[in-house]
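Remember, it's a predicted structure, so these values are computed and weren't measured experimentally. Just so it is clear, the values below take in all heavy atoms, side chains as well, and ignore hydrogens, waters and symmetry mates.
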There are 2 protein chains.
Amino acid sequence: MTTIADVARAAGVSVSTVSYALSGRRPISAETRERIQAAIDELGYRPHAGARSLASRQTRVMALAAPLRTDLYVPVIMQFVAAVATAARAHDHDVLLLMNDEGPAGLERVAGGSMVDAFVVMDVATNDPRLPVLRRLREPTVLIGLPGRADGLSCVDLDWEAAGRLAVQHLVDHGHTAVALVGPPPAAYERGTTYAHRFRTGFETAAAETGIRGLAVPCEPSHDGLGASLARVDTEQPGTTGFVVHNEPVVGTLLHALRGSGREVPHDVSVLAVGPHELAEGQAVRLTSIGIPADEIGALAVEMVADLLAGRSPQTTLVAPRLVERDSCAHRSDSSAGV
Amino acid sequence: MTTIADVARAAGVSVSTVSYALSGRRPISAETRERIQAAIDELGYRPHAGARSLASRQTRVMALAAPLRTDLYVPVIMQFVAAVATAARAHDHDVLLLMNDEGPAGLERVAGGSMVDAFVVMDVATNDPRLPVLRRLREPTVLIGLPGRADGLSCVDLDWEAAGRLAVQHLVDHGHTAVALVGPPPAAYERGTTYAHRFRTGFETAAAETGIRGLAVPCEPSHDGLGASLARVDTEQPGTTGFVVHNEPVVGTLLHALRGSGREVPHDVSVLAVGPHELAEGQAVRLTSIGIPADEIGALAVEMVADLLAGRSPQTTLVAPRLVERDSCAHRSDSSAGV
DNA sequence: CTTCATCATCGAAGCGTTTCGACTGCCTAA
DNA sequence: TTAGGCAGTCGAAACGCTTCGATGATGAAG
């Protein structure tokens with residue numbers, strides 16, 4: 001293993017000079033810097049991360065706490081993970097992966113061992129047991145998601161409530177007066193995951209404000225689950241012509257089920273999906289959809305980590321939802337509804 | 001921050017005694033051990049990972065190189081990642097997440113900085129550019145997947161060729177004489193990902209050996225992609241009554257498409273899926289399927305890392321495929337095929 | 001000319017562990 | 001009785017880096 005002392009010797013300078021040349025914390029003459037760089041290249045020197053963290057008290061590693069559950073749409077989770085990892089690299093940091101099944105203890109372990117400089121935490125619940133721990137730790141934290149109370153912690157998330165409103169508004173603009181939300185599974189609502197609630201709140205608020213009928217039903221992500229939810233919509237709110245699907249695994253199934261019951265999209269009913277654009281585009285009818293900007297949010301989370309590390313104070317950022325029109329929402333000029 | 005010196009002072013022993021009590025590398029009397037443990041608990045002491053890695057030359061962290069591509073079925077990837085992370089914790093290791101877009105350089109960076117003790121590498125291609133690097137590194141490596149040449153590196157994967165044969169055999173046992181493989185996208189074949197090839201090889205070998213007709217077509221993971229692949233099957237091999245789907249995103253679509261063309265599953269055609277059991281069970285017809293034992297393979301990978309770290313030599317393990325019968329494959333007593 | 005910054009560099013003191021070699025009793029085998 | 005071993009402990013030397021406080025030069029300001 002080649003050490004900083006080897007480099008110093010090869011370049012004919014002292015160890016501290018090499019260190020300063022590398023960190024730039026003190027001026028080093030251009031000539032010396034070049035000699036040092038040459039030595040580094042020739043020897044293939046890489047600083048020892050452990051020694052560095054011991055001496056400098058920072059690791060250039062951030063922990064990412066990722067969920068490990070089945071009621072979440074995994075591709076989106078993965079997109080967040082990838083976005084955070086990639087953005088972290090751009091900030092010269094690595095990512096230590098924590099699976100949420102370790103809970104608060106995992107965070108304490110990793111922080112206690114001085115393994116990371118900061119935390120990025122996904123899948124936060126209203127009353128997440130990790131929050132008090134995170135507040136106590138000296139390492140800064142960025143939450144992806146919005147807990148009940150965020151004081152002292154940075155947060156970044158999609159503005160789900162605005163997304164819910166946007167979905168309804170789009171259908172209202174197309175003349176629909178009875179819309180249904182096919183939402184996440186009941187489990188997602190019961191656990192305090194706030195995005196499910198916030199989206200539904202936006203949906204219901206907008207329906208009430210615009211004076212149309214709106215019904216929100218949760219949905220298990222399976223063929224039968226979708227069938228049950230659809231049946232509820234048909235009996236509890238007959239004449240529904242606008243569907244909002246906030247449940248990725250069932251969008252394809254929903255489309256087939258609607259057609260199976262004689263309703264053509266978009267001729268008879270309109271469908272608006274919430275989820276990745278690839279999903280929306282890969283269907284029988286290209287779906288108008290509200291995307292989940294996971295890349296943007298992940299990158300933002302890392303920026304916020306950098307801000308906190310630089311001493312700035314925690315803040316909350318909500319990303320505005322964006323709707324992409326495709327082929328699944330049509331104008332409805334008359335007010336009669338077909339079943 | 002509380003250090004080992006604080007603990008030693010509180011327990012009235014020397015620093016080295018605390019260290020030995022913790023590592024167990026030298027005998028320490030029960031009484032002393034208890035006093036030390038009490039001090040540790042009281043002070044909330046956690047060893048500093050950096051200092052530890054500096055002195056002991058091991059980090060208790062393993063790197064996991066995970067793919068970042070879209071032609072892979074993400075939930076399965078995530079399952080591998082979760083399995084490795086969980087198993088690593090069981091072995092008192094943490095996981096540093098590397099995204100494959102960093103390529104060989106990422107591995108070199110992390111190894112050079114002594115950040116990890118070992119590598120687990122996913123998504124290996126036939127002629128993966130990371131292989132020569134990994135062989136050169138002093139940290140041991142376990143590959144999840146099978147490259148062209150595995151010498152010097154440990155590998156673990158599903159026995160995809162056996163899986164392909166198993167799929168065909170199951171359909172043959174049910175009297176089918178014309179079977180089709182709806183496979184991964186062309187991109188998966190073109191990149192040297194061996195699992196796509198191996199499955200197809202198993203499929204084709206078994207078809208040839210049993211003397212039935214077999215046709216393999218790749219498939220883009222979208223509604224239209226499936227339509228195109230299905231059309232190819234219908235024209236190139238009319239009378240196909242057995243379908244093997246090795247392409248998770250389109251299984252639902254395939255089912256609907258078959259029904260849409262008047263073919264009932266399993267009455268008219270049988271369908272056998274390759275993928276997670278949840279996927280197979282969530283469909284309109286519960287699909288007979290061959291699972292991908294990601295948990296098992298991930299755990300095995302970590303075991304193999306532990307073996308290598310303990311000085312044992314590299315080895316290759318192929319996990320036997322398992323087929324679960326559900327409702328999508330039916331016996332076909334007559335040999336006439338309907339379109 | 002002094003005096004004072006500033007630039008460029010060096011030496012040494014940590015940072016918190018592990019591990020090696022010694023040392024002290026005490027027990028056992030010859 | 002003594003040599004040898006072993007259990008239990010200690011002190012000190014690494015491990016590879018950062019950073020603080022010098023120390024000479026050099027140049028500008030008075």
Side-chain angles (χ1 to χ4, degrees), chain A residues 1-37 39-40 43-61 92 109-117 138 309, chain B residues 1-37 39-40 43-61 92 109-117 138 309:
Chain A
M1 176 176 214
T2 121
T3 76
I4 198 174
D6 300 327
V7 174
R9 206 171 307 120
V13 296
S14 77
V15 164
S16 54
T17 302
V18 176
S19 180
Y20 285 123
L22 250 32
S23 69
R25 292 184 171 285
R26 283 198 187 173
I28 299 291
S29 71
E31 187 218 353
T32 307
R33 230 180 304 121
E34 278 161 29
R35 231 166 346 116
I36 290 174
Q37 191 54 54
I40 288 177
L43 299 175
Y45 166 71
R46 310 251 188 190
H48 186 289
R52 195 190 271 254
S53 90
L54 178 57
S56 72
R57 326 198 119 267
Q58 46 164 355
T59 61
R60 313 224 60 119
V61 175
D92 198 20
R109 180 174 58 78
V110 161
S114 300
M115 303 184 72
V116 301
D117 292 341
R138 71 176 180 294
L309 251 16
Chain B
M1 178 178 215
T2 120
T3 76
I4 198 174
D6 300 328
V7 173
R9 206 171 308 120
V13 297
S14 77
V15 163
S16 54
T17 303
V18 176
S19 180
Y20 285 122
L22 248 32
S23 69
R25 293 185 171 284
R26 282 200 188 172
I28 299 291
S29 73
E31 189 220 352
T32 307
R33 231 181 302 121
E34 279 162 26
R35 228 161 354 109
I36 290 175
Q37 190 53 53
I40 287 176
L43 298 176
Y45 166 70
R46 308 249 190 194
H48 185 288
R52 195 190 272 254
S53 89
L54 178 56
S56 71
R57 328 197 118 266
Q58 47 164 355
T59 62
R60 312 226 60 120
V61 175
D92 198 20
R109 180 174 58 79
V110 160
S114 301
M115 304 184 71
V116 302
D117 292 341
R138 69 176 181 295
L309 252 16

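When all heavy atoms of A/Met1 and B/Ser114 are compared, the pair lying nearest together is CE-OG, 3.5 Å. Residues A/Ala49 and B/Met115 approach most closely at CB-CG, 3.7 Å, considering heavy atoms.
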Which protein N or O atoms sit under 3.5 Å from an N or O of nucleotides 5-7 of chain D?
none

Below 3.5 Å is the cut-off: list the nitrogen or oxygen pairs between protein and nucleotides 19-25 of chain D, distance only.
unit_1	atom_1	unit_2	atom_2	d
D/dT19	OP2	A/Arg25	NE	3.0
D/dC20	N4	A/Tyr20	OH	2.6
D/dG21	N7	A/Arg26	NH2	3.2
D/dG21	O6	A/Arg26	NH1	2.2
D/dG21	O6	A/Arg26	NH2	3.4

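Among the protein residues, B/Arg33 comes within range of no part of the nucleic acid, since none of its heavy atoms lies under 4.0 Å from any strand. Note on A/Ser53: nothing from the nucleic acid sits closer than 4.0 angstrom, heavy atoms only.
Within the structure, side chain to side chain donor-acceptor pair (under 3.5 Å) pairs that include any residue of residues 48-57 of chain A do not occur (at least two apart or interchain). The stretch residues 18-30 of chain B participates, sequence neighbours left out, in these side chain to side chain donor-acceptor pair (under 3.5 Å) pairs: B/Ser29-B/Thr32.
The distance between atom CZ of A/Arg57 and atom C1' of D/dG16, rounded to the nearest whole Å, is 16 Å. Rounded to whole angstrom, the span from the CG atom of A/Leu22 across to the P atom of D/dC17 amounts to 9 Å. As rounded to whole Å, 21 Å separates atom P of D/dG16 from atom CZ of A/Arg60. Atom CE in A/Met1 sits about 18 Å away from atom P in D/dA14, given to the nearest Å. In this structure, CZ of A/Arg52 is placed 16 Å from C1' of D/dC15, rounded to the nearest angstrom.
Here CD1 of B/Ile4 is found 12.0 Å from CG of B/Leu43. Values are rounded to the nearest 0.5 Å.
Taking 4.0 angstrom as the limit, B/Ser14 places a side-chain polar atom (N or O) nearer than this to OP1 or OP2 of D/dC10.
The outermost nucleotides of DNA chain C lying under 4.0 Å from heavy atoms of chain B, listed 5' to 3', are C/dG16 to C/dA22.
With sequence neighbours left out, the salt bridge (Lys or Arg N to Asp or Glu O under 4.0 Å) criterion links B/Arg35 to no other residue. Residues satisfying the side chain to side chain contact (heavy atoms under 4.5 Å, CB included) test with A/Ala21, not counting sequence neighbours, are A/Ile28, A/Arg33, A/Ile36. Shown here are the side-chain hydrogen bond (donor to acceptor under 3.5 Å, both in side chains) partners of B/Gln58, two or more places apart in sequence or in another chain: there are none. Residues satisfying the side-chain hydrogen bond (donor to acceptor under 3.5 Å, both in side chains) test with A/Gln37, not counting sequence neighbours, are A/Asp41. Residues satisfying the salt bridge (Lys or Arg N to Asp or Glu O under 4.0 Å) test with A/Arg60, not counting sequence neighbours, are A/Asp92.
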Donor-acceptor contacts, no H, no angles, side chain residues 7-16 of chain A, under 3.5 Å, sequence neighbours left out:
unit_1	atom_1	unit_2	atom_2	d
A/Arg9	NH1	A/Asp6	OD1	3.3
A/Ser14	OG	A/Ser16	N	3.4
A/Ser14	OG	A/Ser16	OG	3.0
A/Ser14	OG	A/Thr17	N	3.3
A/Ser14	OG	A/Thr17	OG1	3.1

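End-to-end axis angle for the helix from C/dC1-D/dG30 to C/dA30-D/dT1, using five pairs per end and rounding to 10°, comes out at 40°.
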